[in-house]
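One-based numbering, in listed order, for ligands and for the atoms of each. Because the structure is a prediction, the values reported are computed rather than measured.
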Amino acid sequence: MTTAVLGGGLSGLSAGYYLLRRFGKPLTIYEASPRVGGWVRTENRKDRNFIFESGPRTIRPIGVQGANTLELVEELQLEVTPIRRSHVAARNRMLYAKGQLCMLPNGPKGLFGVLPPFTKPLYKALFRDLVTASKKAKLEDESIYSFAERRFGKEIADYAISPMICGICAGNAREISVRFLMEGIFEKEQKYGGVLKGALLARFREKATDPKEGLFAQGQPKLYAQAQQEKWAMYGLQGGLENLPKAMRKYLGERDVNVQLSNECRNLTFNSSGVRMTIKDADVPVEHVVSSLPAYKLAPLVKQQHPSLSAQLLDIPYVDVLVVNMQFQGKLLKQDGFGLLVPPVEKLPILGVIFDSCCFEMGDNTVLTVMMGGHWFNQWFGDRPSPKQILDLATSHVQKILQIREEPKFSRVHTLHKCIPQYTVGHKRRVEGIRNYIKTYKLPLSLCGAAYDGVGINDVILSARRQVEAMPLS
Ligand SMILES: Cc1cc2nc3c(=O)[nH]c(=O)nc-3n(C[C@H](O)[C@H](O)[C@H](O)COP(=O)(O)OP(=O)(O)OC[C@H]3O[C@@H](n4cnc5c(N)ncnc54)[C@H](O)[C@@H]3O)c2cc1C
Ligand SMILES: C=CC1=C(C)c2cc3[nH]c(cc4nc(cc5[nH]c(cc1n2)c(C)c5CCC(=O)O)C(CCC(=O)O)=C4C)c(C)c3C=C
């Protein structure tokens, strides 16, 4: 079967990897830009011993998705930098709220004291869940904010859940589906009438299944076993995360997979023998296409023949994020940790700050990444400030919150346009609708990537694998 992949981000490269494994060649990956990696981008300042990441920097080694990525990392022989659960970056996560830096609890003891910004011990929120009956009418979906408020109260929704949503999709918890992060918890709550009740009763009443079953023919990946044994909370890659797409490109290239850079796909026409792709201005026929493109980029390609599919794809919204990387000379942080998030109720123009030089060894440097915008991009940055204004805003907030007097020695400002999809209420149904359309019209098209099955690195790699494995063999 002749296959093509659209997009050379992590999901497209993964689709290439799994297609090669399942179907062999011929296989071509078309990438619009002159590089692979999509949002994964590292600036490695070897001369000064620090790294700037404008996209992701860590991966979680958890669950089936985590094991799957580690299998790939092992196959590519990449050098990982584990962050163990005992590491300060895994233990210390902070909020900036009510004018102060607040450490989030990192163990059961933290449930019993009153920890700012919360005004009551957290066990009371759990008690509330235990004694609050669920609504009689079962819900298909709701926002993660309304779920958290309903079960645990407004304070948890404002100061725990809302910042967490900012730190994963730069989104507004009042719009994001509870199924995005808490599908299992939500379903048990609906079934058993409470989160704690659900967790306890499901233990006795439901048979546990191993979601990894069937995924690893030769047993679970060695690196995954090592991560579990050594209690990794997350990991990065030596030299930065961009080494992952670079290594994938090299691996595919060495096996004669054609990775065509600066080759944008401009149209797709489906016919009885497959698909005709318009790549730049040339017509290229293939039997099956795997698209890893953001949904809003795929929409115009199918609009002519399938306007309804195109409209459904456009129903998946995206947000813009501003990323400001800064390097300071010397160790300047008073409190080490992964970083801080700013709850949206604080109404500040920053979403949070990541303490890169605490997560990874960067010599005598303090490296920070400030993230801004997301759901609130237009509210704060609608009049398109200059990079200098953005840098000044980020610097002044870092100086105030972290009590740093210095100016950054090096900095970078990136505007990431439509970089992260928003799984708003009803997302799961929306994706089912899109995939059902493709099935009904028997289109030789598979969809993977951040738009559909999860926004993290692990999710997009597994999404590619599952889509390739679901393709018919001929
Ligand atoms: C600021 C930020 C921080 C993040 N942090 C983390 C983190 O810490 N951990 C984590 O797990 N995940 C993180 N993520 C998420 C992670 O980066 C994404 O899950 C992942 O990069 C998405 O990969 P993708 O291949 O699905 O999409 P993309 O990276 O968007 O790749 C799509 C590719 O398609 C190409 N393309 C577009 N149109 C066309 C066309 N018409 N023809 C051909 N090619 C085209 C694009 O140029 C691009 O290369 C973060 C994301 C952002 C934005
Ligand atoms: C502490 C500050 C953080 C900021 C600021 C932040 C911004 C930010 N993150 C994403 C996208 C993702 N982040 C992911 C993981 C992740 N992010 C943080 C913290 C901040 N993120 C942490 C501690 C983690 C690790 C998760 C954990 O261990 O609990 C992920 C992957 C999620 C997954 O399922 O693995 C994504 C995706 C954006 C877009 C963003 C911009 C504001």
Side-chain angles (χ1 to χ4, degrees), residues 4-15 29-41 53-63 65-66 69 83 85 89-90 92-96 104 163-171 180-181 232-234 236 241 244-245 260-268 277-280 291-298 300-301 318-323 337-342 350-355 359 368-375 414 416-421 448-461 463-464:
V5 177
L6 304 182
L10 273 184
S11 199
L13 292 166
S14 307
I29 299 177
Y30 296 97
E31 164 55 45
S33 78
R35 58 180 283 282
V36 292
W39 295 116
V40 185
R41 187 187 279 267
E53 297 279 11
S54 61
R57 66 226 348 96
T58 51
I59 308 178
R60 282 203 292 176
I62 317 286
Q65 295 95 328
T69 305
I83 300 177
R85 277 184 238 152
N92 290 354
R93 290 174 187 192
M94 292 164 244
L95 292 180
Y96 181 68
L104 286 169
M164 185 167 83
I165 291 298
C166 287
I168 294 184
C169 68
F180 173 57
L181 282 188
W232 301 1
M234 46 200 154
L241 264 200
L244 176 56
Q260 296 218 356
L261 303 180
S262 306
N263 268 283
E264 184 186 28
C265 178
R266 296 189 180 151
N267 196 45
L268 294 175
M277 305 178 295
T278 310
I279 303 291
K280 283 184 171 169
S291 168
S292 73
L293 307 185
Y296 74 92
K297 292 266 189 178
L298 177 63
L301 309 191
Y318 281 73
V319 296
D320 301 343
V321 174
L322 290 172
V323 175
F338 188 92
L340 64 96
L341 283 159
V342 180
I350 70 167
L351 300 172
V353 184
I354 294 176
F355 303 172
C359 300
L368 306 174
T369 303
V370 182
M371 310 243 196
M372 306 190 275
H375 172 85
H414 301 268
L416 311 185
H417 183 55
K418 289 190 166 193
C419 65
I420 192 112
C448 63
Y452 312 104
D453 310 309
V455 300
I457 288 174
N458 289 329
D459 303 315
V460 305
I461 295 174
S463 159

Out of all atoms in ligand 2, which are within 4.0 Å of some heavy atom of [X]? Include the element for each.
{"X": "L351", "answer": "42 (C)"}
{"X": "V353", "answer": "2 (C), 5 (C)"}
{"X": "L341", "answer": "1 (C), 2 (C), 3 (C), 4 (C), 5 (C)"}
{"X": "G352", "answer": "5 (C)"}
{"X": "I420", "answer": "39 (C)"}

For [atom], which candidate among [options] provides the closest heavy atom?
{"atom": "atom 32 (C) of ligand 1", "options": "S14, S292, P300", "result": "S292"}
{"atom": "atom 21 (O) of ligand 1", "options": "V40, T58, L6", "result": "V40"}
{"atom": "atom 42 (N) of ligand 1", "options": "S262, C265, C169, S54", "result": "C265"}
{"atom": "atom 20 (C) of ligand 2", "options": "G454, G171, G167", "result": "G167"}
{"atom": "atom 13 (C) of ligand 1", "options": "P56, S33, G7", "result": "P56"}

Give me the residue, atom name and distance of the protein heavy atom closest to [atom].
{"atom": "atom 19 (C) of ligand 2", "value": "F338 CE2, 3.3 Å"}
{"atom": "atom 51 (C) of ligand 1", "value": "I420 CD1, 4.1 Å"}
{"atom": "atom 30 (C) of ligand 2", "value": "I168 CG2, 4.5 Å"}
{"atom": "atom 38 (N) of ligand 1", "value": "K297 CD, 3.6 Å"}
{"atom": "atom 29 (O) of ligand 1", "value": "W39 N, 3.1 Å"}
{"atom": "atom 31 (C) of ligand 2", "value": "G456 CA, 4.2 Å"}

Under 3.5 Å between any N/O of [X] and any N/O of ligand 1: does that happen in this structure?
{"X": "E31", "answer": "yes"}
{"X": "N263", "answer": "no"}
{"X": "A450", "answer": "yes"}
{"X": "I457", "answer": "yes"}

Mark up the atoms of ligand 1 that fall under 4.0 Å of a heavy atom belonging to [X], in ascending order.
{"X": "G449", "answer": "26 (O)"}
{"X": "L416", "answer": "1 (C)"}
{"X": "R57", "answer": "8 (O)"}
{"X": "L10", "answer": "25 (O)"}

Counting only heavy atoms closer than 4.0 Å, does ligand 1 sit against the backbone of [X], its side chain, both, or neither?
{"X": "E264", "answer": "both"}
{"X": "Y30", "answer": "backbone"}
{"X": "V455", "answer": "backbone"}

(message) For the aromatic rings, using the six-membered ring if either is Trp, is the centroid distance between F355 and F338 under 6.0 Å?
(response) no

(request) Calculate, to the nearest 0.5 Å, the distance between atoms CD1 and CG belonging to I457 and L10 respectively. (result)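 Separation between the atoms: 5.5 Å.
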
(message) With rounding to the nearest 0.5 angstrom, report the OG1 to CD1 distance, T58 to I354.
(response) 7.0 Å

(message) Whether the T369 and R57 side chains hold a donor-acceptor pair (N or O, under 3.5 Å, no angle test) is what I'd like checked.
(response) yes

So is [X] close enough to ligand 2, meaning a heavy atom under 4.0 angstrom away?
{"X": "T58", "answer": "no"}
{"X": "R93", "answer": "yes"}
{"X": "I59", "answer": "no"}
{"X": "C166", "answer": "yes"}
{"X": "V455", "answer": "yes"}

(request) Consider ligand 1: state whether an atom of it lies below 4.0 angstrom from any non-hydrogen atom of V321. (result) no

(request) Look at ligand 1 and say whether L293 reaches it with a heavy atom at a distance under 4.0 Å. (result) yes

